[in-house]
Protein chains: 2
Amino acid sequence: MSRLPVPDLGSYLREQRESAQMSVRQVAKAAGISNPYLSQIERGLRRPSAEILQQLAKGLRISAEQLYIRAGILDDSSTGAPVEQPYDVTVAIMADERLTDRQRRALLDVYRSFVGDGADATAEPVDPATPDHP
Amino acid sequence: MSRLPVPDLGSYLREQRESAQMSVRQVAKAAGISNPYLSQIERGLRRPSAEILQQLAKGLRISAEQLYIRAGILDDSSTGAPVEQPYDVTVAIMADERLTDRQRRALLDVYRSFVGDGADATAEPVDPATPDHP
DNA sequence: GCATTGTGCTTGCAGTTGCAAGCACAATAG
DNA sequence: CTATTGTGCTTGCAACTGCAAGCACAATGC
């Protein structure tokens, strides 16, 4: 299946950036750092200082603590860190309350056609907050 | 005993060290850094990286978070507010390495067309409307 | 066709971190 | 008085961070 989240800091940052649909330059500007530097950070060629990390957290609108933990400069005991969920597309789609069932099926169809997966075709997965549908 | 809050990081570190009755060399050794460097940090001549700060926290047996806040690289307010949504379609799509970038874009396009653009998925309005603003 | 704009990346280069080696001074002992 | 041992501090120097300028490629418009 999909592998567990992120191996290192750079990948995590890139993932966050791309899921926010932002370019390197956009995030760099929002964070107040240069774009080539961000690029290097994302590829693991540079180890950013904590200040840069904080600015990046702001630019990406994510938690600075999470980033520090990712960067290995904070132990995640004090923060009450939530357990990391594996990012499963199927589960995420099923759990999204804003989608109608029809839309869910459409998305899942496309997704399965991409990954060629028949495995959990019977999509009846759990969901934590079963929205019984207002 | 209780001292008034310290103006800057260096003074704070020195205070902690002295109240622990340790020499510069002792703390430096316990933290795994060099003694002249610690001396410079305490006098405010150098701005230690977060890694050094973490090691110092260990060497002094004090909270790393406290030190980060003191160093100005962590906001006091942010220390308890992780707002990561476990089941996020966007993130899940981005994290799925079975997909190509092209496929990701296609899926995201469909998804966004369903939920309305701008989306970062969370159905619940945890986020106070933050209209972006370049 | 050929600009134009957007994307990420490569390349020098100034400025900083962090350290090994050594200095100046005080307090102990011999 | 002369070691010896402790304290904090000064001084170059290698290694790294972070950036401005520019490159290569793709997608758009004219």
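Convention: sequence-line order gives letters A, B, ...; per-chain numbering from 1.
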side-chain hydrogen bond (donor to acceptor under 3.5 Å, both in side chains) involving [X] - partner list, sequence neighbours excluded:
{"X": "A:Glu18", "result": "none"}
{"X": "A:Gln55", "result": "none"}
{"X": "B:Arg46", "result": "none"}
{"X": "A:Ser49", "result": "none"}

Could you check how far [atom1] of [X] sits from [atom2] of [N], rounded to whole Å?
{"X": "A:Glu42", "N": "C:dC9", "atom1": "CD", "atom2": "C1'", "result": "12 Å"}
{"X": "A:Lys29", "N": "D:dG18", "atom1": "NZ", "atom2": "C1'", "result": "18 Å"}
{"X": "A:Gln21", "N": "C:dT7", "atom1": "CD", "atom2": "P", "result": "11 Å"}
{"X": "A:Arg43", "N": "C:dT7", "atom1": "CZ", "atom2": "P", "result": "17 Å"}
{"X": "B:Arg102", "N": "C:dT7", "atom1": "CZ", "atom2": "P", "result": "17 Å"}

C:dG8 OP1/OP2 closer than 4.0 Å to side-chain N/O of A:Arg17: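 Yes, because at least one side-chain N or O of A:Arg17 sits under 4.0 Å from OP1 or OP2 of C:dG8.
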Contact under 4.0 Å: B:Ser39 side-chain N or O vs D:dC9 OP1/OP2: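 Yes, within the criterion.
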A:Arg17 side-chain N/O to A:Met22 backbone N/O, donor-acceptor pair under 3.5 Å: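 Yes: the side chain of A:Arg17 pairs with the backbone of A:Met22.
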Letter per nucleotide, 5' to 3', of nucleotides 14-28 of chain C [B base touched, S only sugar-phosphate touched, - untouched; heavy atoms, 4.0 Å]: ---BBBBBB------
For residues 26-38 of chain A, which side-chain donor-acceptor pairs fall under 3.5 Å, sequence neighbours excluded?
unit_1  : atom_1 : unit_2  : atom_2 : d
A:Gln26 : OE1    : A:Ser23 : N      : 2.8
A:Ser34 : OG     : A:Tyr37 : N      : 3.4

